[in-house]
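Structure, as structure tokens:
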Amino acid sequence: MTHKIIQPDNWLPAKGYANGVLTKDGTLHIGGQIGWDANKKFVSGDFVGQMKQALRNIAEIVEAAGGQVTDVTRLTWFVTDKREYLAKQPEVGAAYREVFGRHFPAMSMVIVAALVEDDAVVEIEATAHLT
């Protein structure tokens with residue numbers, strides 16, 4: 001088996017990248033997800049709304065590959081506004097738990113000047129291990 005591209009059925013096609021790549025050893029690499037939906041429309045302009053959607057996107061990609069969020073072992077967050085992230089910690093935690101429950105993989109956060117999509121304020125990439 002070569003690597004398998006993972007694309008949820010109801011999503012618009014990715015252009016120039018893959019949303020997920022599943023390797024033959026069961027490692028699922030998930031490209032950076034932002035706060036837009038399956039139709040590439042932003043669901044919110046604020047950090048918490050975009051973060052929650054990005055996590056939902058990750059969950060949907062993992063499920064499309066046959067896994068579940070508890071298979072996620074790493075998240076890397078790219079955030080454009082550190083102050084907003086820190087100011088909204090209670091809301092961030094609640095939104096995270098709505099999608100990932102009490103599953104907490106290894107995480108890193110990087111503060112960036114901007115993201116490729118102008119309206120994006122957070123991008124999250126992930127790795128999962130499917131058995």
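- Around atom CG of D9, no more than 12 heavy atoms belonging to other residues, nucleotides or ligands sit under 6.0 Å away.
- Rounding to the nearest 0.5 Å gives a distance of 7.5 Å between NZ of K24 and NE2 of H3.
- Atom NZ of K40 is surrounded by more than 12 heavy atoms from other residues, nucleotides or ligands within 6.0 Å.
- For A54, the side chain to side chain contact (heavy atoms under 4.5 Å, CB included) partners two or more places apart in sequence, or in a different chain, are Q33, I124.
- Contact check for N19 versus E60: no side-chain heavy atoms found under the 4.5 Å cut-off.
- Rounding to the nearest 0.5 Å gives a distance of 5.5 Å between CD1 of I61 and CD1 of I30.
- Put simply, the side chain of N39 never gets that close to the backbone of K41: no donor and acceptor are under 3.5 Å apart.
- Separating the CD atom in E91 from the OH atom in Y85 is a distance of 12.0 Å, to the nearest 0.5 Å.
- Criterion: ILVMFWY side-chain heavy atoms under 4.5 Å apart, direct or through other members. Under it, V72 and V92 are part of a common hydrophobic cluster.
- In the hydrophobic clustering of ILVMFWY residues, with side-chain heavy atoms under 4.5 Å counting as a link, W11 and L22 come out together.
- Linking Ile, Leu, Val, Met, Phe, Trp and Tyr residues whenever their side-chain heavy atoms come within less than 4.5 Å leaves V62 and V21 in two separate clusters.
- To the nearest 0.5 angstrom, W77 atom CH2 is 4.5 Å from M51 atom CE.
- In this structure, the side chain of H129 does not engage the main chain of T73 through any donor-acceptor pair within 3.5 Å.
- Between D81 atom CG and F47 atom CZ the span is 9.0 Å, to the nearest 0.5 Å.
- Side chain of Q7 to backbone of L12: a donor-acceptor contact under 3.5 angstrom is found.
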Start with the C-alpha gap between L55 and E98, add the side-chain angles, then the distance that decides, and say whether side-chain contact (heavy atoms from CB on, under 4.5 Å) holds.
CA-CA 10 Å; L55 290 173; E98 276 186 52; over 6 Å; no
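- Remark: V43 pairs with D37, Q53 by the side chain to side chain contact (heavy atoms under 4.5 Å, CB included) rule, at least two apart or across chains.
- Every residue meeting the side chain to side chain contact (heavy atoms under 4.5 Å, CB included) condition with F42, not counting sequence neighbours, appears here in chain and number order: I34, W36, Q50, E117, D119, A120.
- A distance of 7.5 Å separates CG in L75 from NE2 in H103, rounded to the nearest 0.5 Å.
- F78 and M107 fall into different hydrophobic clusters, where Ile, Leu, Val, Met, Phe, Trp and Tyr side chains are chained together by heavy-atom contacts under 4.5 Å.
- For the pair I5 and A18, the tightest heavy-atom approach, listed with the atom from each and the gap, is CD1-CB, 3.9 Å.
- Judged by distance alone, the side chain of R56 and the main-chain N or O of K52 form no donor-acceptor pair under 3.5 Å.
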Stepwise side-chain contact (heavy atoms from CB on, under 4.5 Å) check, D46 with K88:
CA-CA 10 Å; D46 80 326; K88 296 188 176 177; 4.0 Å; yes
I'd like to know whether L28 forms a side-chain contact (heavy atoms from CB on, under 4.5 Å) with T127, so could you lay out the CA-CA distance, the side-chain angles of the two residues, the decisive distance to 0.1 Å, and finally the verdict.
CA-CA 6 Å; L28 176 61; T127 305; over 6 Å; no
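- Residues V99 and M109 share a single hydrophobic cluster, defined by chaining ILVMFWY side chains whose heavy atoms lie under 4.5 Å apart.
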